[in-house]
Amino acid sequence: MAPSVGEGENVTAGFRDAHPSPAQSVTISDVAEAAGVSRQTVSNVLNAPDRVRAETRERVTRAIADLGYHPNHMARSLRASSPRMIGCRILPVHAETVAAIQDRFLHALAEAGQECGHHVLLFTAADAAAESEWCTVLWRTGAVSGVVLYDITPDDPRPERLTAAGVPFTAFGRTAADTERYSWADVDNAAGTASAVDHLVAAGHRRIGFLGWPEGSSVGDARAHGWLMAMDRHGLLAGSHRLDIRGDDTTTSGTRLMKELLDRPGPPTAVVAATDTLAVGALHTVRDRGLEPGRDVAVVGFDDSPAAAALGLSSVRQPIEEVGRLVMAEVLRLTDRTLGPNGEPPAEPLHRLLAPELVVRASSAPPQGLIPAGVEARSLSR
């Protein structure tokens with residue numbers, strides 16, 4: 001990964017003041033829309049006109065003239081020789097987090113790309129708007145063949161902006177709407193927290209709390225929904241309305257939220273946390289109260305971080321390596337020049353939802369035959 005960072009710093013250093021000129025403000029997507037064809041068909045008219053029917057070629061040529069479109073010949077030349085680089089923004093790591101999901105994802109992405117002779121170019125950006133601009137500049141100047149989006153929010157503007165700019169991309173995650181318009185791979189976060197609730201119910205727990213993020217995050221909202229649906233399915237939701245508590249994704253927040261839950265009337269005998277970071281904070285509170293995780297209060301996290309394994313924390317494992325392979329394969333497919341019979345891309349966009357896996361450890365698995373304190377030993381009702 002280190003060589004990619006270095007290359008990224010060298011390549012992007014000259015792009016800081018790069019902005020499209022007025023002539024470049026018209027994109028290949030604008031031409032495609034005006035002519036009623038795909039971007040690939042416009043590209044074929046420019047680079048391989050013999051592949052396109054005469055009437056279609058004439059329509060595209062007319063749209064190019066009407067709009068005043070001028071291709072970036074430098075970028076086309078660079079892309080023709082293939083930069084063999086895929087861009088991805090790297091996010092800062094919070095000081096109070098134990099998870100390293102993006103690190104794992106980038107490693108998987110880099111491994112998958114290396115197998116195909118490609119590398120990952122990392123860059124930073126202040127926000128989604130700046131990231132979209134950088135992705136467009138890197139692609140138009142030929143520094144990258146395509147880009148990968150990470151940490152998608154429900155109303156994320158990046159997919160729409162990159163689609164409009166004609167930048168090939170694939171996302172890890174998906175927006176709340178228009179997901180059919182772009183390629184993505186995601187983890188079924190709701191299924192993950194639901195499996196944690198199922199595990200705790202099978203152990204005899206009835207008061208199962210939830211430590212989550214504030215509303216507004218695709219991942220956080222999905223994990224909260226999984227807890228909610230599973231509790232409802234087991235007939236436990238009515239008595240759990242005071243056991244759903246939210247806060248920032250830090251260990252300090254997890255410690256505070258767990259204290260609040262344990263101090264409430266009818267405290268939970270088990271909790272599901274939206275992340276291992278919150279779960280580790282919860283474990284601090286459990287131990288500070290003189291309680292034993294698993295025996296007295298069960299705790300389940302999400303992400304199966306190295307800290308979870310070290311602390312004996314049960315956690316939901318994301319198939320990050322598989323996501324990385326799928327995303328890299330798809331973005332390379334989108335940058336490939338292999339065309340269908342009519343000059344169209346050969347396949348539909350990737351839409352893949354992957355199932356996570358619950359890894360049970362001591363924090364939710366008491367010694368065999370031992371019923372956790374406060375847990376009612378009665379048969380399950382589903």
Side-chain angles (χ1 to χ4, degrees), residues 1-16 18 75 78-94 97 99-152 156 158-159 161-163 165-174 182-187 219 303 305-306 318-337 349-350 352 354:
M1 189 68 68
S4 294
V5 176
E7 289 183 46
E9 293 169 349
N10 293 334
V11 172
T12 60
F15 299 152
R16 299 193 183 281
L78 286 168
R79 280 197 293 274
S81 60
S82 180
R84 309 192 78 78
M85 299 288 285
I86 299 299
C88 188
R89 174 191 179 192
I90 187 169
L91 301 176
V93 177
H94 196 283
T97 184
I101 296 302
Q102 193 184 28
D103 286 352
R104 286 176 56 199
F105 173 65
L106 290 173
H107 190 273
L109 201 66
E111 280 193 333
Q114 191 167 332
E115 291 176 0
C116 303
H118 285 70
H119 301 281
V120 178
L121 186 150
L122 301 179
F123 64 93
T124 61
D127 52 30
E131 179 182 356
S132 299
E133 183 175 351
W134 269 112
C135 288
T136 303
V137 169
L138 288 170
W139 182 72
R140 284 181 174 172
T141 56
V144 298
S145 302
V147 297
V148 169
L149 299 182
Y150 180 85
D151 196 26
I152 302 294
D156 204 305
R158 292 174 294 171
R161 288 174 178 172
L162 294 190
T163 298
V167 180
F169 74 93
T170 302
F172 177 12
R174 56 207 158 117
Y182 61 92
S183 293
W184 55 264
D186 202 0
V187 174
V219 172
D303 291 332
S305 62
Q318 298 192 59
I320 295 298
E321 289 69 27
E322 185 176 357
V323 173
R325 287 192 295 270
L326 284 170
V327 167
M328 178 57 76
E330 177 66 3
V331 74
L332 292 182
R333 183 188 72 81
L334 294 174
T335 63
D336 192 1
R337 287 174 170 73
L350 174 75
R352 186 71 63 83
L354 303 175

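Just so we're clear, the structure is a prediction, and the values are computed from it rather than from any experiment.
- With sequence neighbours excluded, the residues satisfying ring-ring contact (aromatic ring centres under 6.0 Å, His included) with F172 are F105, Y150.
- Paired with T170 under the rule side chain to side chain contact (heavy atoms under 4.5 Å, CB included), one option of I86, V147, V327 passes, and it is V327.
- A search for side chain to side chain donor-acceptor pair (under 3.5 Å) contacts involving Q318 returns D303, not counting sequence neighbours.
- The closest donor-acceptor contact from the side chain of T97 to the backbone of H94 lies at 3.5 Å or more, if one exists at all.
- Of the possible donor and acceptor atoms, one in the side chain of R84 sits under 3.5 Å from a partner among the backbone N and O of G117.
- Here CD1 of I320 is found 5.0 Å from CZ of R104. Values are rounded to the nearest 0.5 Å.
- Across all their heavy atoms, A125 and W134 have their closest contact at CB-CD1, 4.3 Å.
- Using a 4.5 Å heavy-atom threshold, the side chains of E131 and R158 count as touching.
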Start with the C-alpha gap between L332 and H118, add the side-chain angles, then the distance that decides, and say whether side chain to side chain contact (heavy atoms under 4.5 Å, CB included) holds. CA-CA 9 Å; L332 292 182; H118 285 70; 3.5 Å; yes
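- Looking at L354 and L326, their side chains come closer than 4.5 Å, going by heavy atoms from C-beta outward.
- Of all heavy-atom pairs spanning C88 and L106, the tightest one is SG-CD2, 3.8 Å.
- Contacts of R174 classified as side chain to side chain donor-acceptor pair (under 3.5 Å), with partners at least two apart in sequence or in another chain: D186.
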Pair V120, M328 - check side chain to side chain contact (heavy atoms under 4.5 Å, CB included), show working. CA-CA 10 Å; V120 178; M328 178 57 76; 4.1 Å; yes
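- For P159, the side chain to side chain contact (heavy atoms under 4.5 Å, CB included) test picks out L149, D156, F169, T175, Y182, with sequence neighbours left out.
- S145 contributes atom OG, which lies 11.5 Å from atom CG of L138 (distance to the nearest 0.5 angstrom).
- Listed here is the closest heavy atom pair of G324 and A112: O-CB, 4.2 Å.
- Of all heavy-atom pairs spanning L91 and Q102, the tightest one is N-OE1, 3.0 Å.
- Looking at every heavy atom in both residues, T136 comes nearest to A165 through OG1-CB, 3.8 Å.
- When all heavy atoms of V323 and A185 are compared, the pair lying nearest together is CG1-CB, 4.4 Å.
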Would you sort out whether F123 and C135 count as a side chain to side chain contact (heavy atoms under 4.5 Å, CB included), showing the intermediate values? CA-CA 9 Å; F123 64 93; C135 288; 3.7 Å; yes
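- Residues that satisfy the side chain to side chain donor-acceptor pair (under 3.5 Å) test with S183, not counting sequence neighbours, are E330.
- Residues P349 and W184 are not in side-chain contact: their nearest non-hydrogen atoms beyond the backbone lie 4.5 Å or more apart.
- Listed by first then second residue, pairs satisfying salt bridge (Lys or Arg N to Asp or Glu O under 4.0 Å) with a partner in residues 115-126 number zero, not counting sequence neighbours.
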